[in-house]
Amino acid sequence: MEDSSSIFDKLLEEDGIFENKEILRPSYTPNRLPHRSKQVNEIARILVPALKGETPSNILIYGKTGTGKTVAVKHVGRELEKKGEELNVDCSVIYLNCKVVDTQYRALAHIARHFDKDVPLTGWPTDQVYHELKDALDDRKKVATIMLDEIDRIIGKSGDDILYNLSRINSDLERSKVSIIGISNDLKFTEVLDPRIKSSLGEEDIIFPPYNADQLRDILQQRAERAIKEGAINSEVIPLCAAFAAQEHGDARRALDLLRVSGELAEKNGEEIRPEHVRKAQEKIELDRVLEVVRTLPTQSKVVLLAIVKHQECDRNTLTTGEVYEMYKKLARKIDIETLTQRRITDLISELDMLGIINAVVVSKGRYGRTKEISMNMSIDEIQNVLLTDYRLQNLKDYCPSTQTKL
DNA sequence: ATTCCACAGGAAGCGACGGCCC
DNA sequence: GGGCCGTCGCTTCCTGTGGAAT
């Protein structure tokens, strides 16, 4: 066993630049939330009745990704539970993410389990879970605050029922009270909501605006102080991360990712974090995002993309829809899948463009027609590698367009 | 000024599929 | 289990168009 411990010892001893990398993860909840005191106080004001054993109003929270909604809500929840203990009032806070817990059954079961009820993952009728939950809530006086994050992910999917059931649970309870906090990325999602649910859920609205570059800088500064060792970071790095993220709709998550990835890159080279690491991190994050999208593309789109890649490989001028289509047809025939029409391929190319994988611009070449000019600025090799991991495209691995001439 | 290329992209409709309701 | 409906991926048919070539 000494062998295995020694290899880790060596790695542990290496002088990294992080004091505590966890602090830079988006899931970390800091104790102080810069530039969100207004929203935090607002939430706290609404939840105060819980500490007196009364029912707080339900809240709907809106804001784009990375505007601090989740973190603010969790922070207030933690404080509420703490204060409740002090005052000897039972304030339970349950957080659940509707993207993960995405059906009524799972949501109710999740909440019931929070109160130590034994609910199986599947099998019971939803009714029974509901009653189990009701009993759990009512066994002694308490105020429960249920936080439904990414609530827009379940509405439309029978998720309306969860909201409906949760909002009416108060009338079934004798001792306890429930309040709901809904968190949404989508500002328009209430439009499709049942008006009854809408009015009961949206008793109070809170909006989280995007951060600007200065605010992002403060956030990064605060976290960096504890996450990164002193002197391991160049003074230009944080403003640069903030500026990049501010361009991207003020997403704090993006800003933190940038800083963390910059740090990882710098650490690997045994250097302090400098602006060039940030630029590299920006590229890396973008590349990772694109590769992930490519991996999960439908087969036809993959073939279209591969057609573009193969073309670009030997002749890296921009190409036209017609050229892509010809190449696509060859590839599709080779691996024996359905060959779609050019009209459809036009749409698939537009989709790839919108996903930011390729660039497609309509241009007129006068006499020689009007077409899309298609080009790629991403790493062709890496994209090709990902495409070829799809077993359906394996046979195209060594396919070379230049050796192909007939028809 | 006109022509005409090589497509873009809208409209309509079709078949397959999944969910829902009786 | 069967009928109904909405959605998705796709085809067919179509009209529209910027600008080099004539």
- Item | Test item: side-chain donor near acceptor, Lys372(A) and Thr346(A), under 3.5 Å | no
- Rounded to the Å, how far apart are Met354(A) CE and dA8(B) C1'? 14 Å
- Query: Atom OH of Tyr325(A) and atom P of dA8(B): how far apart are they, to the nearest Å?
  - Reply: 12 Å
- Item | Strand-adjacent residues in residues 360-370 of chain A, judged by heavy atoms under 4.0 Å from DNA chain C | Ser364(A), Gly366(A), Arg367(A), Tyr368(A), Gly369(A), Arg370(A)
- Message: Taking only side-chain N and O atoms of Thr346(A), does any of them lie within less than 4.0 angstrom of OP1 or OP2 on dA8(B)?
- Response: yes
- Atom CG of Asp347(A) to atom P of dA8(B): distance rounded to whole Å? 10 Å
- Nearest-Å distance for atom pair CG/C1', residues Leu348(A) and dC10(C): 10 Å
- Task: In plain terms, say whether Arg260(A) and Glu264(A) are close enough for a salt bridge, that is, a side-chain N and a carboxylate O under 4.0 Å apart.
- Result: yes
- Item | Arg344(A) side chain, from C-beta outward: closest of dC13(C), dC7(B), dG9(C) | dG9(C)
- Item | Between dC10(C) (P) and Gln342(A) (CD): distance, integer Å | 15 Å
- Message: From CG of Asp353(A) over to C1' of dA8(B), roughly how many Å is that when rounded to an integer?
- Response: 13 Å
- Item | Whole-Å gap separating C1' (dT11(C)) and CD (Gln300(A)) | 13 Å
- Task: For Arg175(A) and Asp138(A), indicate whether the former's side chain and the latter's backbone hold a donor-acceptor pair under 3.5 Å.
- Result: yes
- Message: Classify Glu338(A) by what it touches in the nucleic acid, base, sugar-phosphate, or nothing, heavy-atom distance under 4.0 Å.
- Response: nothing
- Does any N or O in the side chain of Glu326(A) come within less than 3.5 Å of the main-chain N or O of Glu323(A), such that one atom is a donor and the other an acceptor? no
- In whole Å, what is the span from the CZ atom of Arg343(A) to the C1' atom of dG10(B)? 7 Å
- Item | Nearest-nucleotide pick for Lys372(A), side chain only, options being dC10(C), dC7(B), dG9(B) | dG9(B)
- Query: Judged by atom type as modelled, is there a donor-acceptor pair below 3.5 Å linking the side chain of Ser176(A) to the main-chain atoms of Leu137(A)?
  - Reply: yes
- Query: Between Ala360(A) and Ile349(A), what is the shortest heavy-atom contact and its length?
  - Reply: CB-CG2, 4.3 Å
- Query: Would one find a side-chain N or O of Thr321(A) under 4.0 angstrom from OP1 or OP2 of dC7(B)?
  - Reply: no
- Message: For Glu248(A), run the salt bridge (charged side-chain N to carboxylate O under 4.0 Å, His left out) check against Arg254(A), Arg289(A), Arg253(A) and tell me which one passes.
- Response: Arg254(A)
